[in-house]
> 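One structure follows; several queries about it will come next.
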Amino acid sequence: NEKKDIAVSVSHVTFTKLSDEEIDAYVASGEADDKAGAYGIQGKAGCFITRIDGDYYSIMGFPISIVYQKLKEEGYLAIYEPNPKNWTTN
């Protein structure tokens, strides 16, 4: 009886209209080669993005807010205090 918990984060990213030269330069940079979706929001492609609807960290590849909430629900995570020396566990 293994417990499974599934969460989904949906985000939409809007790019500006790119010229052929911009596309060619981005592809030639090699940045897209190892990226899901062929771009990295935190890298060179960031200058092409005009709008984000959703969670920035999910777009980067790790939905930290969802993971935090799930861990907190299970009692595995420290409760945040501004000073880490004051963190306590559930």
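No experiment lies behind these values; they were computed from the predicted model shown.
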> Please find the pair of heavy atoms, one from A32 and one from A38, that lie closest to each other, and give the distance.
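It is CB-O, 3.0 Å.
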> Would you compute the distance between atom OG of S58 and atom CD1 of I41 and round it to the nearest 0.5 angstrom?
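Going from the OG atom of S58 to the CD1 atom of I41 covers 10.5 Å.
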> What is the distance from atom CD1 of I66 to atom CD1 of I6, rounded to the nearest 0.5 Å?
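CD1 of I6 is found 12.0 Å from CD1 of I66.
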> Could you grab the distance from atom OG of S9 to atom CD1 of I59, nearest 0.5 Å is fine?
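Reported value, rounded in 0.5 Å steps: 8.0 Å.
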> Report, as yes or no, whether the 6.0 Å neighbourhood of atom CZ on F48 holds more than 12 heavy atoms from other residues, nucleotides or ligands.
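Atom CZ in F48 is crowded, with more than 12 foreign heavy atoms closer than 6.0 Å.
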> So for atom CD1, which belongs to I23, do other residues, nucleotides or ligands contribute more than 12 heavy atoms lying within a distance under 6.0 Å?
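Count over threshold, so yes.
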> Taking side chain as C-beta onward, heavy atoms only, is H12 less than 4.5 Å from I52?
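No, their side chains stay 4.5 Å or more apart.
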> Any heavy-atom pair between the side chains of E74 and Q69 that's under 4.5 Å?
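No. Closest side-chain heavy atoms not under 4.5 Å.
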> Using side-chain heavy atoms (C-beta onward) and a distance below 4.5 Å, is D33 in contact with V27?
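No, every pair of side-chain atoms sits at 4.5 Å or beyond.
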> Of all heavy-atom pairs between S11 and D55, which one has the smallest distance, and what is that distance?
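It is OG-N, 3.0 Å.
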> For a side-chain contact (heavy atoms from CB on, under 4.5 Å) check, start with the C-alpha distance between T50 and F15, then their side-chain angles and the critical distance, and finish with the verdict.
CA-CA 6 Å; T50 60; F15 278 68; over 6 Å; no
> Which heavy-atom pair separates E22 from K17 by the least distance, and what is that distance?
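Closest approach of E22 to K17: OE1-O, 4.1 Å.
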> Provide the closest heavy-atom pair for G40 versus Y26 in the form atom of the first, atom of the second, distance.
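In this case the closest contact between G40 and Y26 is N-OH, 3.4 Å.
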> For the pair D53 and R51, find out whether any cationic side-chain nitrogen is under 4.0 Å from an anionic carboxylate oxygen.
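A salt bridge is present here (some side-chain N lies under 4.0 Å from a carboxylate O).
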> Donor-acceptor pair, distance only, cut-off 3.5 Å: does the side chain of E31 make one with the backbone of G43?
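No.
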> Are any of the side-chain heavy atoms of V13 and Y39 separated by less than 4.5 Å?
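A side-chain contact exists here, since the closest heavy-atom pair is under 4.5 Å.
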